[in-house]
Amino acid sequence: MTGPIVVGRVVEIEELTDFKKPIRYCQVQVLADHTADRAVRGIVCGATNFVEGDLVVVALPGAELPGGFAIGARKTYGTSATA
């Protein structure tokens with residue numbers, strides 16, 4: 001993994017049910033990043049092993065996950081992901 005990886009707190013989780021696999025649209029408050037703004041960001045995620053209030057790892061736009069998966073702000077699954 002490369003790029004900006006930070007810690008965030010899950011503020012809200014919306015389960016998106018119109019898809020074959022579990023998809024969640026989460027509001028996550030970024031606790032520390034290169035801008036230090038503590039902004040709440042919308043994140044689309046397939047993981048289900050966390051709840052509201054949990055601290056999670058956040059890959060911000062510009063990060064790259066294993067397999068060459070680039071993280072960026074985009075519209076996906078009918079939502080606007082900002083992280």
Side-chain angles (χ1 to χ4, degrees):
M1 291 180 17
T2 61
I5 309 291
V6 298
V7 175
R9 182 175 307 279
V10 180
V11 177
E12 182 180 344
I13 299 171
E14 178 185 353
E15 304 286 344
L16 304 179
T17 58
D18 295 337
F19 306 98
K20 293 181 182 178
K21 57 185 177 179
I23 299 294
R24 296 169 132 191
Y25 182 59
C26 305
Q27 298 298 313
V28 178
Q29 182 183 25
V30 173
L31 299 179
D33 70 11
H34 59 286
T35 63
D37 65 2
R38 292 189 166 237
V40 174
R41 296 171 177 262
I43 299 174
V44 175
C45 178
T48 59
N49 60 342
F50 61 90
V51 297
E52 291 176 2
D54 281 356
L55 294 176
V56 296
V57 175
V58 179
L60 295 174
E64 187 172 311
L65 303 181
F69 185 80
I71 301 299
R74 69 186 113 214
K75 186 168 181 143
T76 184
Y77 293 102
T79 65
S80 293
T82 58

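Nothing fancy with the numbering, it's 1 onward along the sequence. The figures that follow rest on heavy atoms only: side chains count, while hydrogens, waters and symmetry mates do not.
For Arg24, the side-chain hydrogen bond (donor to acceptor under 3.5 Å, both in side chains) partners two or more places apart in sequence, or in a different chain, are Glu15. Every residue meeting the side-chain contact (heavy atoms from CB on, under 4.5 Å) condition with Leu65, not counting sequence neighbours, appears here in chain and number order: Met1, Ala59, Phe69, Ile71.
Of the candidates Asp54, Val28, Leu55, Val40, Leu55 is the only one forming a side chain to side chain contact (heavy atoms under 4.5 Å, CB included) with Arg9. Across Val7, Leu60, Ile43, a single residue satisfies side chain to side chain contact (heavy atoms under 4.5 Å, CB included) together with Val30, and that is Leu60.
Cys45 and Phe50 make their closest contact through SG-CE2, 4.0 Å (heavy atoms, listed as atom of the first residue, atom of the second, distance). Contact detail for Val51 and Val10: the closest heavy-atom pair is O-CB, 3.8 Å. For Pro61 against Pro4, the heavy-atom pair with the smallest separation is O-CG, 3.6 Å.
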Apply the test side-chain contact (heavy atoms from CB on, under 4.5 Å) to residues Val44 and Ile23: give CA-CA distance (whole Å), side-chain angles for both, the deciding distance (0.1 Å), then the verdict.
CA-CA 7 Å; Val44 175; Ile23 299 294; 3.8 Å; yes
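A distance of 10.5 Å separates CD of Glu64 from CD1 of Ile5, quoted to the nearest 0.5 Å.
Looking at Glu52, its side chain does come within 3.5 Å of a backbone N or O of Ile13 through a donor-acceptor pair.
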